[in-house]
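Note that the structure is a prediction, hence the values are computed from the model and not measured. In what follows, chains carry the letters A, B, and so on, assigned in the order in which the sequence lines appear, proteins first and then strands, with residues in each chain numbered from 1.
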Number of protein chains: 4
Amino acid sequence: MPRPIDPVRRRARRLQIIDAALTAFALHGYAGATTAEICRIAGIGSGTFFHHFPTKDSLLVAILEEGTEETRRFFAAREPGTPARQVILGYVGHAVADLADPRAAGFITVVGGLTSHPDIAAALRADEDTLRAALREVVAEAQHAGEVRTDLPADRLAVWIMLLIDGFAGRTAGGGFEAAAEAPLLVEQVGLLLDGPPAD
Amino acid sequence: MPRPIDPVRRRARRLQIIDAALTAFALHGYAGATTAEICRIAGIGSGTFFHHFPTKDSLLVAILEEGTEETRRFFAAREPGTPARQVILGYVGHAVADLADPRAAGFITVVGGLTSHPDIAAALRADEDTLRAALREVVAEAQHAGEVRTDLPADRLAVWIMLLIDGFAGRTAGGGFEAAAEAPLLVEQVGLLLDGPPAD
Amino acid sequence: MPRPIDPVRRRARRLQIIDAALTAFALHGYAGATTAEICRIAGIGSGTFFHHFPTKDSLLVAILEEGTEETRRFFAAREPGTPARQVILGYVGHAVADLADPRAAGFITVVGGLTSHPDIAAALRADEDTLRAALREVVAEAQHAGEVRTDLPADRLAVWIMLLIDGFAGRTAGGGFEAAAEAPLLVEQVGLLLDGPPAD
Amino acid sequence: MPRPIDPVRRRARRLQIIDAALTAFALHGYAGATTAEICRIAGIGSGTFFHHFPTKDSLLVAILEEGTEETRRFFAAREPGTPARQVILGYVGHAVADLADPRAAGFITVVGGLTSHPDIAAALRADEDTLRAALREVVAEAQHAGEVRTDLPADRLAVWIMLLIDGFAGRTAGGGFEAAAEAPLLVEQVGLLLDGPPAD
DNA sequence: CATGAATGAGTGTTCATTCAT
DNA sequence: GATGAATGAACACTCATTCAT
């Protein structure tokens with residue numbers, strides 16, 4: 001009597017594990033977090049873990065893909081007619097809001113340098129490329145609309161926006177830096193970046 | 001009749017190990033880099049490694065302290081009479097020059113989130129605090145000289161300078177970002193940060 | 001639907017490891033016996049070892065506690081009405097019977113001096129104290145019954161009984177000393193201890 | 001200009017190392033004591049250690065041989081005419097006096113079970129055999145003189161004397177057992193052993 | 001589907017020993 | 001003779017992963 005697999009419950013389990021992993025990775029880094037700890041946080045047995053993710057690497061890949069998907073969704077959800085520059089600054093605000101979860105900041109800084117592990121590196125690159133392409137497109141649009149400086153190519157500005165966000169995340173992960181309080185300065189800095197130095 | 005120990009050779013060995021560690025850490029992260037690999041890169045036996053550093057942790061701490069010391073030296077070496085703002089931008093240039101070694105960039109990003117390992121966390125904090133204090137002091141001086149905006153406290157500006165440098169380092173560690181080519185834009189962005197948005 | 005864990009099998013594995021450890025410790029001493037050898041004797045992988053005992057120390061502690069428990073059981077099992085002196089000599093016989101396993105003798109002599117390793121030292125002390133208290137009590141009872149000399153305090157006699165048993169165990173561990181053949185002489189010597197020198 | 005080796009200084013160095021080793025062995029056991037610690041206690045470099053003893057094993061063997069030699073000397077130094085029984089009890093007193101050094105007791109208990117290490121096992125056996133033969137001879141003499149029971153062979157009595165001394169040493173190594181205070185009881189026990197149970 | 005006992009390659013670290021100075 | 005830097009085999013222990021139940 002093969003009970004039909006319940007995809008809802010399955011997804012719930014996966015999210016439960018992903019959530020535990022976020023905590024563990026943020027605390028000890030990817031290599032430092034053990035599957036045993038993730039299982040303990042998630043309240044499951046190790047067997048269950050490997051039922052849902054064939055390897056530890058695949059778990060991290062899944063988390064990264066989840067993030068990539070969210071990025072895609074954000075830009076896809078753009079209200080038609082919204083000015084491009086506003087979309088850019090909106091994304092910055094969106095990213096900062098994610099960093100309200102202190103684990104997110106830790107996760108980003110900790111996962112950045114995983115160039116070994118080919119699967120993970122690929123997922124990181126995909127995440128990066130997705131955001132970079134989306135930003136590049138909307139920056140180019142803003143340039144055409146005259147909302148953004150044109151002395152730098154759109155791609156380079158996109159990368160520098162990401163640079164600012166990543167730097168901000170890194171500070172958030174440490175102590176003594178209130179993401180909420182500093183967010184306006186981030187928006188200001190991105191604005192200054194998009195405007196460039198005053199002509200004077 | 002004890003042979004007089006040769007401190008020069010001892011220091012050379014330490015530097016040899018530190019150099020190998022920089023490579024390994026940048027490649028695989030702290031936890032991912034094995035002492036065995038560091039030894040292989042350095043061309044020494046494992047016993048020699050632990051003869052010079054009692055633990056893997058202590059090696060990282062030594063590297064960090066080396067960096068802290070270099071920061072201190074940089075600010076101590078300031079020519080009397082140099083304008084404060086020029087010192088700040090000079091430091092930015094100095095930091096970027098270090099990132100010409102691609103391992104340095106990888107190292108910085110990879111080592112950021114090591115909050116477990118109390119000794120390492122302490123050394124990271126010390127490194128951070130040293131730079132932050134030095135920048136704060138010179139930023140405050142620049143404010144008094146009217147070279148820098150005064151609507152933000154010196155400490156906050158110091159942190160944001162570090163944010164920009166760290167974000168820059170993170171990009172350098174990845175591909176598709178030429179540190180040398182992007183350096184002027186970093187100086188420009190720091191300048192924008194120090195000036196603030198145009199009064200207009 | 002967690003399979004109900006089988007405590008029987010778990011206990012069996014533990015005993016299997018303990019048995020292998022007894023052999024290895026008796027052969028090479030505590031420090032000299034490697035976990036690898038214990039695993040080989042027990043026919044298990046190293047992972048399994050540490051699945052059941054978190055450290056090598058904890059294994060020895062478990063063995064010692066097993067012994068302490070057995071001592072407690074022996075004295076608790078005393079038939080009501082048995083004369084105290086008979087209980088004492090019964091215990092001596094019981095101890096000698098254990099020494100029929102040549103590994104037991106080796107184990108005792110080898111484990112005696114482990115004053116480093118705080119956990120082990122504590123377990124040794126607990127084992128010692130349990131036996132000493134049990135013997136002291138029954139010796140005191142025998143003194144009240146007039147079966148044992150009263151010129152020495154019960155505690156001191158208890159210690160000397162243990163001294164004789166330990167000395168006997170030490171001889172058993174070496175060669176040229178048949179525990180079974182020498183047992184009557186041990187009982188005689190304990191008798192002499194309990195009686196003291198003839199009044200004459 | 002090969003300076004003639006100074007055998008006095010050489011012997012002093014050896015004794016200095018042996019003394020340090022006694023301390024270290026008593027504290028941590030043979031396997032637990034490192035050559036590095038012995039060197040530290042002795043205040044010498046590791047190179048010097050291996051100048052005087054080619055291996056750690058050879059050091060222990062040397063200590064054991066020192067002890068064997070002392071045993072031999074004790075029995076050789078017997079004043080002509082001394083009654084055999086008095087020699088036996090004199091030896092017991094001599095052994096107890098050695099145990100006044102708390103390291104001696106620890107050393108004896110800790111070194112007992114080293115059946116691996118063929119050289120050490122051989123030295124232990126030699127030490128044992130030397131004492132046993134000496135005791136056997138003097139016990140036999142006492143038996144002929146009618147000072148000692150004759151229902152047991154001299155060799156067996158010799159072994160039991162050693163059993164009592166070793167048991168005593170084991171207690172001394174632990175706490176709560178004052179060698180000096182308990183010595184008379186040891187002499188009494190040996191006396192009772194040599195007399196056997198009263199005919200009554 | 002869920003479990004946790006079992007695995008063994010791999011990890012950081014130790015230590016007796018060697019040897020150039 | 002004396003030193004301590006260098007060595008690498010061996011050690012206790014970890015951990016991602018497998019699989020019988």
Side-chain angles (χ1 to χ4, degrees), chain A residues 2-3 5-6 9-10 13 31-39 43-59, chain B residues 1-6 9-10 12-14 31-39 43-59, chain C residues 1-6 9-10 12-14 31-39 43-59, chain D residues 2-3 5-6 9-10 13 31-39 43-59:
Chain A
R3 157 170 52 107
I5 11 169
D6 183 342
R9 193 176 302 187
R10 188 170 179 79
R13 261 273 191 272
T34 66
T35 57
E37 183 181 12
I38 296 171
C39 291
I44 60 170
S46 63
T48 307
F49 178 100
F50 287 95
H51 255 297
H52 290 268
F53 298 96
T55 64
K56 189 184 169 190
D57 278 15
S58 74
L59 165 62
Chain B
M1 221 159 302
R3 155 175 53 108
I5 42 172
D6 188 342
R9 192 175 301 192
R10 192 174 175 80
R13 261 273 191 272
R14 277 179 71 94
T34 66
T35 56
E37 184 181 9
I38 295 171
C39 291
I44 59 171
S46 65
T48 306
F49 178 101
F50 288 98
H51 189 62
H52 289 267
F53 297 97
T55 62
K56 189 185 168 190
D57 278 17
S58 75
L59 165 61
Chain C
M1 220 160 301
R3 155 175 52 108
I5 43 171
D6 189 341
R9 192 175 301 191
R10 192 172 174 81
R13 261 274 190 273
R14 277 179 70 94
T34 67
T35 56
E37 184 181 10
I38 296 172
C39 291
I44 60 172
S46 65
T48 306
F49 178 101
F50 289 98
H51 190 60
H52 289 268
F53 298 96
T55 62
K56 190 185 168 190
D57 278 17
S58 75
L59 165 62
Chain D
R3 156 172 51 108
I5 12 167
D6 184 343
R9 191 176 304 188
R10 185 167 183 83
R13 262 274 191 269
T34 66
T35 56
E37 183 180 12
I38 295 171
C39 291
I44 59 170
S46 62
T48 307
F49 178 100
F50 286 96
H51 254 298
H52 290 268
F53 297 97
T55 64
K56 189 184 169 191
D57 279 15
S58 74
L59 164 62

Measuring to OP1 and OP2 of dA5(F), would you say a side-chain N or O of Arg10(B) lies under 4.0 angstrom away?
yes
Could you check whether any side-chain N or O of Lys56(A) sits under 3.5 Å from a backbone N or O of Ala33(A), counting only pairs where one atom can act as donor and the other as acceptor?
yes
Between Leu59(D) (CG) and dC15(E) (C1'), how many Å, whole number?
15 Å
Under 4.0 Å: is that the gap between some side-chain N or O of Thr48(B) and OP1 or OP2 of dT7(F)?
yes
Rounded to the Å, how far apart are Asp57(B) CG and dT11(E) P?
16 Å
Let me know the distance between CD1 of Ile44(C) and P of dT7(E), rounded to the nearest Å.
7 Å
Does a side-chain N or O from His51(A) land closer than 4.0 Å to OP1 or OP2 of dC1(E), or not?
no
Name the residue closer to the 5' end of DNA chain E, choosing between Phe49(B) and Gly43(C) according to the nucleotide with the nearest heavy atom.
Gly43(C)
For Arg13(B) and dA20(E), give me the distance from atom CZ to atom C1', rounded to whole Å.
13 Å
Gly45(D) and Cys39(D) have their tightest heavy-atom pair at O-SG, 3.9 Å
OP1, OP2 of dC1(E) versus side-chain N and O of His52(A): anything below 4.0 Å?
no
With a cut-off of less than 4.0 Å, is there a side-chain N or O of Arg9(B) near OP1 or OP2 of dA6(F)?
no
Using the 3.5 Å cut-off, write out each protein N or O paired with an N or O of nucleotides 10-12 of chain F and the distance between them.
{"residue": "dA12(F)", "atom": "OP1", "partner": "Lys56(C)", "partner atom": "NZ", "Å": "3.0"}
{"residue": "dA12(F)", "atom": "OP2", "partner": "Thr35(C)", "partner atom": "N", "Å": "2.8"}
{"residue": "dA12(F)", "atom": "OP2", "partner": "Thr35(C)", "partner atom": "OG1", "Å": "3.0"}

Should His51(D) and Arg10(D) be marked as a side chain to side chain contact (heavy atoms under 4.5 Å, CB included) after you check the CA-CA gap, both sets of side-chain angles, and the distance that decides it?
CA-CA 10 Å; His51(D) 254 298; Arg10(D) 185 167 183 83; 6.0 Å; no
Does any non-hydrogen side-chain atom of Leu59(D) lie less than 4.5 Å from one of Thr35(D)?
no
Send over the distance from Phe53(D) CZ to dT18(E) P, rounded to a whole Å.
16 Å
Of all residues at least two apart in sequence or in a different chain, which pass the side chain to side chain contact (heavy atoms under 4.5 Å, CB included) check with Thr48(D)?
Arg13(D), Ile44(D), His52(D)
Nucleotide pairing, DNA chain E (Watson-Crick or G-U, distances under 3.5 Å), in dot-bracket with [ ] and |
.||||||||||||||||||||
Taking all non-hydrogen atoms of both residues, which atom of Phe49(B) and which atom of Ile38(B) are closest, and how far apart?
CE1-CG2, 3.9 Å
